[in-house]
Chemist: 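Shown below is the structure under consideration.
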There are 2 protein chains.
Amino acid sequence: MTPREPVERLSVDAVADAVRADILRGTIAVGEALRQETLAQRFGVSHIPVREALRQLAAEGLVSIRPNRGAVVASLSPDEATELLEIRCTLETQLVRWALPQADADIHARAAASLDLSERTADVDRWMEHNWTFHSTLYERAGRPRMVSMIRTLNNQIDRFIRVLLSRSDYRYRAQEEHRAILAAYRLGNEVAVCSLLGQHLLDTSKQLAAVIEQGNAGLPPGGR
Amino acid sequence: MTPREPVERLSVDAVADAVRADILRGTIAVGEALRQETLAQRFGVSHIPVREALRQLAAEGLVSIRPNRGAVVASLSPDEATELLEIRCTLETQLVRWALPQADADIHARAAASLDLSERTADVDRWMEHNWTFHSTLYERAGRPRMVSMIRTLNNQIDRFIRVLLSRSDYRYRAQEEHRAILAAYRLGNEVAVCSLLGQHLLDTSKQLAAVIEQGNAGLPPGGR
DNA sequence: CTGGGTCACATCATATACAAAGTGCACCGT
DNA sequence: ACGGTGCACTTTGTATATGATGTGACCCAG
């Protein structure tokens, strides 16, 4: 009667989850090869589930599969990064418009809490986590689960590079400032201000991100994709 | 020197493309089982590429895989359909805002041409095709290829149901009217009007679509997903 | 040296065969 | 009629073999 145990999922999913986590954390560098045999051994499965997992990750934009040459951790051009953030911006502002009228004290408190937590932690992983919680709390009340999960997928594609941003610039400080401004306007229910600030925040992020990627690629041989 | 031949793609992609086409055309009905062995025989391959192709299609939202029970053509709840069209609406209106200032006589002419073509054809497949051309021409000049392909993927998930809509209601007539109004405002460069009309058009579509799906599901046993 | 060609090796892509596990259904005895 | 049992079918995964493809080292000619 109790909802059954997680049922020991398919090994394809287990492999996909593990590799996805590695990619998101930056454990595997951009452009690094993902050899089927190696992954199969690491996870104690044959290469068949590995192939399927890689294809899954390719669909999520995290790896790129080059026929007959194997899979590598996907790179991201400055153009792509910019466009991904534009999409995110478009969707997020719309979500906030829907959510704002429904926002209550609970939402305000939780958004503020994740902001505080992100301020206090030194750990990059934690910061990313709290950052996501902050953003997603803002539009939780919009009740658009698929839209949120779509934004989540978009985010996964850029998180690795945001991570670089965090270590190389004052991005974190500026983001924090911008988040506070967004939350202030959000509390007041000022839709125009929230959307404008949020848009500015993501535009700002996109600019810095494109710069970091450009600069990062400068050190690599061309044709990295 | 000449751009090399299509290179006879991987059989995984061949299978995925063929099955995708079948699903989009409605050749395979919603909820119908996609048995690995059957597909393998039809395409003259083993079950391994078939599995990968199915997983690929699952990532695109066209089939749903139930662990240990196989793959079926994905269904769509009214809620999901509505949300998908909301996403599309959000992205399309933004794209049109970017594209409108760049639109020239060529764009106007091509949009009008696809509208005319869609008016004249009796074939449903053709209508769908011209419909897509019309929409995508409107924001071609936005120069956001990834955003467009994202919309394309969203569309693939709902096209099968639009098809039903076409055969069961006056949707086609209304859509044509709405398209003409959109194009008129577009020619004038009236951003506000275009976005408003486009939003209305997609909202209208979403309403009718949700109704059709609801009604369609009424005839099916529950728990179809 | 240097450019080009060749060859061996690593890896991928797919096939085949088979084992294990889950689902659903039919059958059977009560 | 009804609840349990077992079987058949399917999916999932492994093991292994084979062909195809790309990579890089090596060698030879100029």
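In what follows, every chain begins at residue 1, and chains take the letters A, B, ... in the order their sequences are listed.
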Chemist: Would you say A/R69 reaches D/dT23's phosphate, i.e. side-chain N/O to OP1/OP2 under 4.0 Å?
Modeler: yes
Chemist: Select one nucleotide: of D/dT11, D/dG13, C/dA15, the one nearest the side-chain heavy atoms of B/S46.
Modeler: C/dA15
Chemist: Separation of A/I48 atom CD1 from D/dA17 atom P, in whole Å?
Modeler: 15 Å
Chemist: Expressed in angstrom and rounded to an integer, what is the separation of B/L39 atom CG from D/dT11 atom C1'?
Modeler: 13 Å
Chemist: OP1 or OP2 of C/dT14 less than 4.0 angstrom from a side-chain nitrogen or oxygen of B/S11, does that happen here?
Modeler: yes
Chemist: Rounding to a whole Å, what distance do you find between A/E37:CD and D/dT14:P?
Modeler: 12 Å
Chemist: If you take atom types as modelled and just measure distance, does the side chain of A/H47 reach the base of C/dT14 with a donor-acceptor pair under 3.5 Å?
Modeler: yes
Chemist: Flag the pair A/H201 / A/H135 as yes when their ring centroid distance falls below 6.0 Å, and as no otherwise.
Modeler: yes
Chemist: Say you draw a straight line from CD of A/Q94 to SG of B/C89; how long is it, rounded to the nearest 0.5 Å?
Modeler: 7.5 Å
Chemist: If you check every side-chain atom of B/Q36, which of D/dT14, C/dA15, D/dT11 has the closest atom?
Modeler: D/dT11
Chemist: Tell me: CG of B/D13 to P of C/dT14, nearest whole Å?
Modeler: 8 Å
Chemist: Over how many whole Å does the gap from A/L54 atom CG to C/dA13 atom C1' extend?
Modeler: 13 Å
Chemist: How close or far is atom C1' of C/dA20 from atom CG of A/L10, stated in whole angstroms?
Modeler: 13 Å
Chemist: Quick one: which of D/dT12, D/dG13, C/dT14 gets closest to the side chain of A/V12?
Modeler: D/dG13
Chemist: Ion pair present between A/D159 and A/R163, side-chain N to carboxylate O less than 4.0 angstrom?
Modeler: no
Chemist: Rounded to the nearest Å, what distance is computed from the CG atom of residue B/L34 to the P atom of nucleotide D/dT12?
Modeler: 12 Å
Chemist: Taking 4.0 Å as the cut-off, does a side-chain nitrogen or oxygen of A/R51 come that near to OP1 or OP2 on C/dT14?
Modeler: yes
Chemist: Round to a whole Å and report the spacing from CD1 of A/I65 to C1' of D/dG22.
Modeler: 17 Å
Chemist: Closest nucleotide of DNA chain D for B/G70 versus for A/V45: which of these residues is on the 5' side?
Modeler: B/G70
Chemist: State whether B/R146 and A/E83 are salt-bridged, where the test is any N-O pair (Lys NZ or Arg NE/NH1/NH2 against Asp/Glu carboxylate O) under 4.0 Å.
Modeler: yes
Chemist: Applying salt bridge (charged side-chain N to carboxylate O under 4.0 Å, His left out) to A/D13 and A/R20, what does each step give before you reach the verdict?
Modeler: CA-CA 10 Å; A/D13 294 324; A/R20 184 186 303 108; over 6 Å; no
